[in-house]
Amino acid sequence: MSLLIKNGLVVTSTGSYQADVYVEDGKIKTMGNDLDIAAQTIIDAKGKYILPGAIDPHTHLAMPFMGTFAQDDYETGTIAAACGGVTSVVDFDLQQKGESIFQAVERKKSWAKDKVAVDYSLHPAIMDPRPEVIDEIKKAIQEYGTPSFKIFMVYDFRVDDATMIKLLKETKKYGGLVQVHAENVHIIDYLNEEFEKAGTLTPYYHAKSRPNIAEEEAISRAAKMVELTDSRIYIVHLSSKEGLARVKEARDKGVNVFAETCPQYLLLDEERYKESGFNGAKYVMSPPLRTKESNEALWDGIKKGDIQVVATDHCPFDINGKKDMNGTDDYRKIPNGAPGIETLLMLMHSEGVVKGRISLEKMVDVLSTSTAKMFGLADKGEIQVGKDADIVIFDPKQKFTITQEKLHMNVDYTPYEGMEVTGMPVEVYVRGKKVSEWKNDHVEFVGEKGYGRFVKRVPLMME
Ligand code: DUC
Ligand code: ZN
Ligand code: ZN
């Protein structure tokens with residue numbers, strides 16, 4: 001299979017330039033001006049951007065959680081990814097009690113088989129840290145191709161500080177990375193009790209029960225453990241101005257604290273919890289939405305390089321049927337999570353680049369290039385000779401009004417309903433194969449389920 005993309009603007013994390021891109025057998029083979037190569041398919045991309053496919057390193061496909069399952073599985077979730085310009089996902093793989101890391105990885109691979117439509121990898125989440133599991137870290141990094149490990153400081157399946165220290169030390173030895181959901185569980189438990197006593201259990205109090213200080217404290221504690229062990233850590237879904245301040249503080253001292261944020265923490269705020277009826281439950285996720293002040297601080301964190309990655313935390317539950325299953329009178333029973341995999345790129349372009357908050361090159365960096373380096377996706381993340389031809393042809397002028405009806409995620413709402421965006425992926429390729437394209441007024445899936453491959457990742461490349 002060969003493909004020649006002519007006249008587009010190639011965007012990299014460090015600059016943009018006009019070039020033709022020739023693709024053969026799934027790889028970018030040649031780049032240059034006025035390439036005259038016979039190809040099976042030739043595309044004129046004049047006026048369009050040639051972007052590396054976005055990589056979403058934070059998804060919860062089919063994850064069992066709070067008495068139910070996140071609704072997108074590997075088929076629906078990765079079809080939605082393809083339609084949004086996301087060409088690889090790194091999904092969380094929650095180790096079950098008694099399982100080895102190997103068993104957890106093989107189990108989730110079996111869920112993906114014959115279903116997954118874009119390339120994928122897995123982050124094992126360590127939930128049963130038996131000594132033999134800690135010993136298995138080396139193999140997971142060197143043999144299974146899964147060099148990053150998620151841990152939670154909250155929820156019943158959290159790990160304690162002593163285990164965190166062990167994991168930081170062990171991953172560091174082999175070039176792995178610990179990713180942490182950082183919230184202080186005791187602050188949250190205390191506030192949950194207070195709100196129960198007061199009878200204030202509407203969705204708005206979900207946000208109040210998990211204040212900025214809970215994130216701030218956990219990040220600061222995690223950063224101290226990193227300092228102690230001279231290791232590195234990656235804070236997932238950073239949401240607050242105060243949390244960012246602790247990340248910066250650590251980084252200014254040379255402590256390796258990396259951070260990810262998500263569009264919801266950049267664009268939405270806690271006023272959403274006050275929507276009429278039970279609609280506030282659409283935004284019940286952890287950490288919760290914050291204030292506009294935090295939104296702006298996080299954009300600034302991206303701009304200044306203190307936040308290296310933007311991901312989605314895609315974890316959808318229907319508002320009718322799932323969120324309201326047990327939680328209408330008690331926010332603590334509302335499954336935590338929201339959809340986002342399909343809207344990642346369009347939002348970052350329209351709200352970030354078009355509104356002048358970040359450059360186009362920064363967008364490519366936080367959605368692709370830095371993500372690939374962070375997680376050891378050696379063949380992904382850049383439009384460069386030798387890399388996989390994971391390519392988004394992006395029309396910066398194409399308008400789209402976000403509406404659930406025209407999206408592919410298996411859920412009955414989007415937090416961005418009615419928002420108009422400028423700029424859309426109009427053709428998306430995974431290893432040279434077209435997986436989605438713009439038709440009339442929205443993007444359609446034209447790929448094949450089962451086409452996606454498990455990508456063995458290499459140890460950490462981020463300095
Ligand atoms: N937070 C969410 O909102 N959903 C999934 C897990 C998590 O930590
Ligand atoms: Zn989390
Ligand atoms: Zn998550």
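We count residues from 1, following the sequence as given. Order of appearance sets the numbers: ligands from 1, and atoms from 1 within every ligand.
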(message) For the Zn ion (ligand 3), what is the number of protein N, O or S atoms at a distance under 2.8 Å?
(response) 3
(request) Give a yes or no on whether a salt bridge exists between K138 and E170, defined as a side-chain N under 4.0 angstrom from a carboxylate O. (result) no
(message) Tell me whether K197 is salt-bridged to E194, with the criterion being a basic N under 4.0 Å from an acidic carboxylate O.
(response)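 Result for this pair is yes, salt bridge flagged.
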Which residue supplies the protein heavy atom nearest to [atom], what is that atom called, and how far is it?
{"atom": "atom 4 (N) of ligand 1", "answer": "N336 O, 2.9 Å"}
{"atom": "atom 7 (C) of ligand 1", "answer": "Y155 OH, 3.3 Å"}
{"atom": "atom 3 (O) of ligand 1", "answer": "S286 N, 2.8 Å"}
{"atom": "atom 5 (C) of ligand 1", "answer": "C315 SG, 3.6 Å"}

(request) State whether the number of non-hydrogen atoms from other residues, nucleotides or ligands found under 6.0 Å of D160 atom CG is greater than 12. (result) yes
(request) Identify, by atom number and element, the atoms of ligand 1 in contact range of G337, meaning under 4.0 Å from any of its heavy atoms. (result) 3 (O), 4 (N)
(message) Which of the numbered atoms in ligand 1 are under 4.0 angstrom from any heavy atom belonging to M285?
(response)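 So the answer, numbered in order with elements, is 3 (O).
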(request) Check whether the ring centres of H349 and F394 lie less than 6.0 Å apart, and answer yes or no. (result) yes
Closest approach of [X] to [Y] (non-hydrogen atoms, all atoms of both residues):
{"X": "M225", "Y": "S231", "answer": "O-OG, 4.5 Å"}
{"X": "A207", "Y": "Y273", "answer": "CB-CE1, 3.6 Å"}
{"X": "F278", "Y": "G327", "answer": "CE1-O, 3.6 Å"}

(request) Only counting residues at least two apart or in another chain, list the ones meeting side-chain contact (heavy atoms from CB on, under 4.5 Å) with K362. (result)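 Applying side-chain contact (heavy atoms from CB on, under 4.5 Å) to K362 gives I302, I358, S359, D365, V366.
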(request) Please determine, by modelled atom types, if D269 and T291 share a side-chain donor-acceptor pair under 3.5 angstrom. (result)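 Not at all, the side chains of D269 and T291 share no donor-acceptor pair under 3.5 Å.
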